[in-house]
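Written out below as structure tokens is the structure these notes cover.
Scope of the values below: all heavy atoms of this structure, side chains included, with no hydrogens, waters or symmetry mates. All values derive from a computational prediction rather than experimental measurement.
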Amino acid sequence: MTTPSSLRVAPGTRLSGSLTPPGAKSGTVRALLCGTLAAGTSTIVNAGSGDNIRAMAAACRVLGAEIEELDARTWRVRGVDHRLPGRVELDAGNSGIVLRLLTAVGAATEHCSIGTRFADSLGRRGNHEIVDALRQFGADAAGRGPEACPPLVVGRAEGLRGGTVSVSGRRSSQFLSGLLFLAPLVGEDVEIRVHDELSSSAMVTTTVDALGRAGVIVEVGEDRLSYRIAGGQRYRPATHPVASDASSVAGILAAVAAVPGSLTRISSLQGNDHGTAALIEGFRRMGVRIDAEGETLVCHGADEVAPIELDGSGCADGVLPMAALACFANGTSVFSNVETLRFKECDRISDFCHELAAAGAKVEERQDAIIVHGTGQVPGGAEVFGHHDHSVVMAMSVLALRSRDGLAVTGWESVGQTYREFFDDLRSLGADVR
């Protein structure tokens with residue numbers, strides 16, 4: 001990777017105007033892979049364009065797909081009809097979901113390696129759960145070290161088999177999502193059981209919905225810990241509508257809310273990606289006025305910020321921007337049930353709390369919680385690090401906008417993982433970003 005540079009976000013500038021958030025990474029990468037595995041041509045509507053989406057598109061082309069961008073938000077994918085190449089090398093970018101989906105599907109090839117250029121971020125994330133599960137399918141699967149960090153090497157060995165497979169979902173639901181994508185390629189009945197707990201059932205629902213549009217029916221148990229995929233199903237071409245990206249919506253809402261007197265319209269809001277409705281309700285509980293006008297949200301800057309106690313499991317992609325805003329409340333906010341944040345592009349609890357403290361905020365961490373002791377103000381005037389994580393970069397920018405002296409955000413380029421236009425959009429609204 002190149003050496004990260006710094007970008008200064010100054011405080012106090014009223015934000016006004018209108019913008020459109022990008023399509024969700026979660027929906028776009030799943031749609032790309034569904035289209036790749038199908039026979040015929042699929043269309044993706046409201047596609048995102050972040051760096052991690054580009055990584056998935058590049059990998060799908062290596063797998064044999066033909067991908068055409070008809071315009072900035074509409075993609076066409078001509079698939080391979082389950083016919084994957086024998087030996088491939090894939091790059092997962094800096095995305096856990098891209099890594100886990102490619103690892104699972106790669107097990108249907110003769111030999112597939114999945115790596116990353118981000119050794120200090122995705123390269124440190126363990127994957128032993130999916131490695132163990134793929135071996136139950138009869139696949140060869142291995143990673144680096146006992147945690148199975150990238151690069152991962154997988155293949156179908158003597159042939160994949162169906163039956164019952166067990167996987168852990170405690171650390172990430174992405175392992176389960178990967179196995180669900182692989183199941184139709186096995187050709188036999190498959191049942192997948194989560195033997196402990198599922199960290200994000202909402203994202204598994206996103207996977208099940210995408211597969212359903214592609215003609216793959218997944219029978220989901222009432223407890224959402226068992227999943228059955230009948231043998232003989234094949235991926236079919238489809239139209240895949242993608243919701244607006246929840247983490248991007250959260251970043252913009254928090255930025256606007258952070259500056260009193262702001263008034264911004266967030267237009268063309270599509271769907272409900274991973275708790276968008278829940279995070280909007282969370283902001284409202286913090287005293288942020290957000291009016292809904294059809295597919296447009298009108299957000300107002302908050303003169304006062306209220307402390308909040310929030311179960312963040314329902315809107316994990318919004319927790320960091322909300323926690324940054326909570327630093328300006330008078331009172332303590334608790335964002336609980338968010339241990340899954342520790343297993344993202346960085347440790348979004350420890351690393352994020354470290355940067356908040358560096359900026360002058362008062363915070364504590366728990367294994368599964370972020371606790372913010374709001375004092376109504378944050379001095380700023382410091383340089384903070386984005387930890388190769390788009391969500392951290394956006395949240396620290398929110399903090400800068402209401403701080404006394406602003407912040408220099410090092411590694412700001414990581415925002416491009418999901419929202420390439422974030423800082424351009426802030427400038428268009430009137431923010432002083434240099």
Exercise. When you check the side-chain N and O atoms of N94 and S121, is any donor under 3.5 Å from an acceptor?
Worked result: yes
Exercise. Hey, does the side chain of R30 reach the backbone of S26 with a donor-acceptor pair shorter than 3.5 angstrom?
Worked result: yes
Exercise. Are there more than 12 heavy atoms of other residues, nucleotides or ligands under 6.0 Å from atom CZ of R427?
Worked result: yes
Exercise. Do the side-chain N and O atoms of E345 and H387 include a donor-acceptor pair separated by under 3.5 angstrom?
Worked result: no
Exercise. Is Q377 atom CD crowded by more than 12 heavy atoms from other residues, nucleotides or ligands, each under 6.0 Å away?
Worked result: no
Problem set entry | OG on S177 to CZ on R100, rounded to 0.5 Å | 10.5 Å
For this session: Verify, without hydrogens or angle tests, whether R144 (side chain) and P150 (backbone) share a donor-acceptor contact under 3.5 angstrom.
Result: yes
For this session: Please say which of T13, V9, L401 ends up in a side-chain contact (heavy atoms from CB on, under 4.5 Å) with D432.
Result: T13
Exercise. Is there a donor in the side chain of S350 and an acceptor in the side chain of R342, or the other way round, less than 3.5 Å apart?
Worked result: yes
Problem set entry | Polar side-chain atom of N46 near backbone of V242 as donor-acceptor pair, under 3.5 Å | yes
Exercise. Do T206 and D209 have side-chain N/O donor and acceptor atoms under 3.5 Å apart?
Worked result: no
Exercise. Could you give the distance from CD (E129) to CD (E147), rounded to the nearest 0.5 Å?
Worked result: 7.0 Å
Problem set entry | Side-chain (S333) to main-chain (A326) donor-acceptor, under 3.5 angstrom | no
Problem set entry | From CG (D196) to CZ (R170), nearest 0.5 Å | 7.5 Å
Exercise. Looking only at atom types and distance, does a side-chain atom of R420 sit under 3.5 Å from a main-chain N or O of S49, one as donor and one as acceptor?
Worked result: yes
Problem set entry | Heavy-atom donor-acceptor pair, R265 side chain to L19 backbone, under 3.5 Å | no
Exercise. Quick one: are V372 and K362 in side-chain contact, heavy atoms under 4.5 Å?
Worked result: no
Exercise. Do H390 and Y419 have ring centroids that are under 6.0 Å from one another?
Worked result: no
Exercise. Looking at OG1 of T340 and CD of E197, how far apart are the two atoms once the value is rounded to the nearest 0.5 Å?
Worked result: 10.0 Å
Exercise. Looking just at side-chain N and O atoms, do S336 and D311 make a donor-acceptor pair shorter than 3.5 Å?
Worked result: no
Exercise. Is there a donor-acceptor pair under 3.5 Å between the side chain of T28 and the backbone N or O of A47?
Worked result: no
Problem set entry | Reported CG-to-OG1 distance for the pair L90 and T116, which is rounded to 0.5 angstrom | 12.0 Å
Problem set entry | Over 12 non-hydrogen atoms of neighbours within 6.0 angstrom of CZ in R124 | no
Exercise. Under 3.5 Å, is there a donor-acceptor pair between the side chain of E355 and the main chain of G386?
Worked result: no
Exercise. Taking atom CG of L263 and atom CZ of R14, what is their separation to the nearest 0.5 Å?
Worked result: 6.5 Å
Exercise. Would you find a donor on one side and an acceptor on the other, under 3.5 Å apart, between the side chain of T109 and the backbone of G106?
Worked result: yes
Problem set entry | Backbone of G79 reached by a side-chain donor or acceptor of Y235 within 3.5 Å | no
Problem set entry | Which atom of P11 lies closest to which atom of S403, heavy atoms considered | CB-O, 3.0 Å
Exercise. Looking just at side-chain N and O atoms, do S247 and D317 make a donor-acceptor pair shorter than 3.5 Å?
Worked result: no
Exercise. Do V208 and T205 pass the side-chain contact (heavy atoms from CB on, under 4.5 Å) test, and can you show the C-alpha distance, the side-chain angles, and the key distance before you say yes or no?
Worked result: CA-CA 5 Å; V208 171; T205 298; 5.6 Å; no
Exercise. NE2 of H354: more than 12 outside heavy atoms within 6.0 angstrom?
Worked result: no
Problem set entry | R213 atom CZ, over 12 foreign heavy atoms within 6.0 Å | yes
Problem set entry | Flag for S6-E383: side-chain donor and acceptor within less than 3.5 Å | yes
Exercise. Going by distance alone, is a donor N or O of one side chain under 3.5 Å from an acceptor N or O of the other, for S267 and S18?
Worked result: yes
Exercise. Does any non-hydrogen side-chain atom of V409 lie less than 4.5 Å from one of F385?
Worked result: no
